[in-house]
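Have a look at the structure below before the remarks.
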Amino acid sequence: MFKKSLAVVFLSCSLAISAMAVEVPMDAKLDYNQGIDFYKLGMYERAMESFRSAIRTFPDYIDAYYNLGTVLEYLKNYSEATTVFKQIYLRNPNDYEVVYKLANLSAKLEDYTKAAEYISLIPPSSSYYKSGQELAETIKVNTTMPVKQSNTPSKIATQTGIYENILSPTGITTDKNGNVYVATFSDNSIIKITPDNKRIVFLKSKQISGPISLASDELGNIYVSNYSANNVLKVTPQGIATVLVDKLDKPYGLHVEGNMLFITCQGSNSIYRQKINR
């Protein structure tokens, strides 16, 4: 499904633009509609680049994120599709269609714990509750992992929406001490939210340019994908930033596994792997 039905709703996507509360720049609209046209022609790579261009122009373009994620899912690029749909979730945690998509994608990636967490966020009042419970049953049948039913709100769900008035939030990560770190795309900064809900500017520097994703390691180092600067920063717990990887082509998603950092690069349609020193 495109926004919100792959082949069918694509025809009505341009109508959804005018209904958005915030006016979308004309350049972003043109790229978005071009992406729809490319999709109809089966030119999926060009469609995705058009949606990405629309997002670069207008980072809060929900429909562009949705359609980009949908094409990636159709092409079975589940990992990057998950990264894209998370951008919608960060902006609207109550979009339960997207929450269900994230649960389904997590299951496809065999991350059943994360799938269960997303399923538990869907309330019984949502039209996606039944689909979520059916997915939970499928996971239970195919794994030995128990999946929590969401007859009552989960601890995660009750915390939804408490972090408000963050300017253009994009990437998010946490550390072992319970601190939450949020990248703000338009402000070129990283906000730190402590367990007692104190909010401070963890890092605001000329080194940050268009931060998209964040990741953290076991020592509390934060990694920042600088989309506009074509590099990835490593930031120590003390807030000291250095360039870890340079000359990337539109770095986007980040993932830390052991002593390796994985970076998706939209401009080169590739994934970069970098060893990180602890």
Side-chain angles (χ1 to χ4, degrees), residues 1-4 13 16-17 20-22 24-25 28 31-32 35 47-75 77-106 108-109 111 114 117-118 121 160-161 163-174 180-191 193 208-216 222-228 232 250-255 262-267 269 271:
M1 291 175 55
F2 245 3
K3 189 64 181 166
K4 289 196 173 184
C13 279
I17 298 173
M20 295 182 66
V22 179
V24 179
D31 284 331
Y32 177 87
M48 289 190 293
E49 181 51 40
S50 293
F51 293 134
R52 288 175 178 131
S53 180
I55 291 168
R56 287 194 291 269
T57 301
F58 185 59
D60 291 328
Y61 207 157
I62 298 297
D63 287 359
Y65 282 114
Y66 190 101
N67 289 351
L68 173 59
T70 300
V71 177
L72 286 165
E73 182 179 9
Y74 175 73
L75 296 176
N77 189 340
Y78 301 135
S79 180
E80 190 170 352
T82 298
T83 299
V84 173
F85 280 117
K86 281 181 179 179
Q87 296 301 318
I88 302 177
Y89 175 73
L90 288 170
R91 290 164 171 79
N92 182 12
N94 296 321
D95 187 334
Y96 297 115
E97 178 184 5
V98 169
V99 174
Y100 172 73
K101 274 190 167 290
L102 286 168
N104 194 37
L105 286 165
S106 297
K108 289 178 179 179
L109 291 167
D111 187 348
K114 182 59 68 175
E117 288 180 6
Y118 283 124
L121 295 176
T160 300
Y163 304 135
E164 298 178 336
N165 300 317
I166 299 175
L167 182 63
S168 187
T170 48
I172 187 169
T173 191
T174 59
V180 176
Y181 299 85
V182 183
T184 61
F185 188 88
S186 60
D187 194 45
N188 292 319
S189 62
I190 300 175
I191 305 299
I193 305 173
I208 300 180
S209 182
I212 291 288
S213 295
L214 298 180
S216 58
I222 306 296
Y223 301 91
V224 186
S225 61
N226 263 335
Y227 192 87
S228 301
V232 169
K250 303 303 180 187
Y252 202 94
L254 298 176
H255 174 70
F262 296 87
I263 308 162
T264 62
C265 297
Q266 288 191 340
N269 294 319
I271 299 174

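Here the structure is a predicted model, which is why all the values come from computation and not from measurement. The first residue in the sequence is number 1, and the count goes up from there.
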Legend entry - Closest approach of Asp31 to Ser50 (non-hydrogen atoms, all atoms of both residues): O-CB, 3.3 Å

Inset, instruction - Please check if the side chain of Asn77 supplies one atom and the backbone of Leu72 the other of a donor-acceptor pair under 3.5 Å. - result: no

Legend entry - Any donor-acceptor pair under 3.5 Å from Asn226 side chain to Val232 backbone: no

Inset, instruction - Please round to the nearest 0.5 Å and tell me the distance separating atom OH of Tyr227 and atom CD1 of Ile55. - result: 8.0 Å

Inset, instruction - Calculate, to the nearest 0.5 Å, the distance between atoms CD and CG belonging to Glu80 and Asn269 respectively. - result: 8.0 Å

Inset, instruction - Look up atom OG in Ser106 and atom CD in Glu117, then write down how far apart they are to the nearest 0.5 Å. - result: 8.5 Å

Legend entry - Taking every non-hydrogen atom, the tightest pair across Glu73 and Tyr78: O-CE2, 3.6 Å

Inset, instruction - Measure from the side-chain N and O atoms of Ser168 to the backbone N and O of Thr184, and report whether any donor-acceptor pair falls under 3.5 Å. - result: no

Legend entry - Separation between CD1 of Ile88 and CG of Asp60, rounded to the nearest 0.5 Å: 11.5 Å

Legend entry - Within-4.5 Å side-chain heavy-atom neighbours: Ile166 and Ile193: yes

Legend entry - Close side-chain approach of Tyr252 to Gln87, heavy-atom, < 4.5 Å: yes

Legend entry - side-chain contact (heavy atoms from CB on, under 4.5 Å) involving Thr82 - partner list, sequence neighbours excluded: Lys86, Leu102, Leu105, Leu109

Legend entry - Flag, side chain of Thr170 to backbone of Ala183, donor-acceptor distance under 3.5 Å: yes

Legend entry - Nearest non-hydrogen partners of Ala81 and Gly69, listed with the distance: CB-O, 3.6 Å

Inset, instruction - Look at the aromatic rings of Tyr32 and Tyr61 and report parallel, tilted or perpendicular, splitting at 30° and 60°. - result: parallel

Legend entry - Pro211 side chain reached by Val224 side chain, heavy atoms, under 4.5 Å: yes

Inset, instruction - Would you indicate whether the side-chain heavy atoms of Arg91 and Tyr65 approach each other to under 4.5 Å? - result: yes

Legend entry - Sub-4.5 Å side-chain heavy-atom contact between Val98 and Asn92: no

Legend entry - salt bridge (charged side-chain N to carboxylate O under 4.0 Å, His left out) against Glu49, all qualifying residues, sequence neighbours excluded: Arg56

Inset, instruction - State, to 0.1 Å, how close Ser228 and Phe185 come at their nearest heavy-atom pair, and which atoms those are. - result: OG-CZ, 4.4 Å

Inset, instruction - Using modelled atom types only, decide if a donor and an acceptor are shared between the side chain of Thr57 and the backbone of Ala28 within a distance under 3.5 Å. - result: no

Inset, instruction - Locate the shortest heavy-atom distance separating Met48 from Val71; write the atom from each residue and the value. - result: CG-CG1, 3.5 Å

Inset, instruction - Using atom types as modelled and distance alone, determine if a side-chain donor or acceptor of Ser216 lies under 3.5 Å from a backbone N or O of Thr174. - result: yes

Legend entry - Spacing of CG belonging to Leu121 relative to CG belonging to Asn94, to within rounding of 0.5 Å: 10.0 Å

Inset, instruction - Could you tell me the separation between the CD1 atom of Ile222 and the OH atom of Tyr181, rounded to the nearest 0.5 Å? - result: 5.0 Å

Inset, instruction - Grab the two heavy atoms, one from Val99 and one from Tyr118, that are nearest each other, plus how far apart they are. - result: CG1-O, 3.2 Å

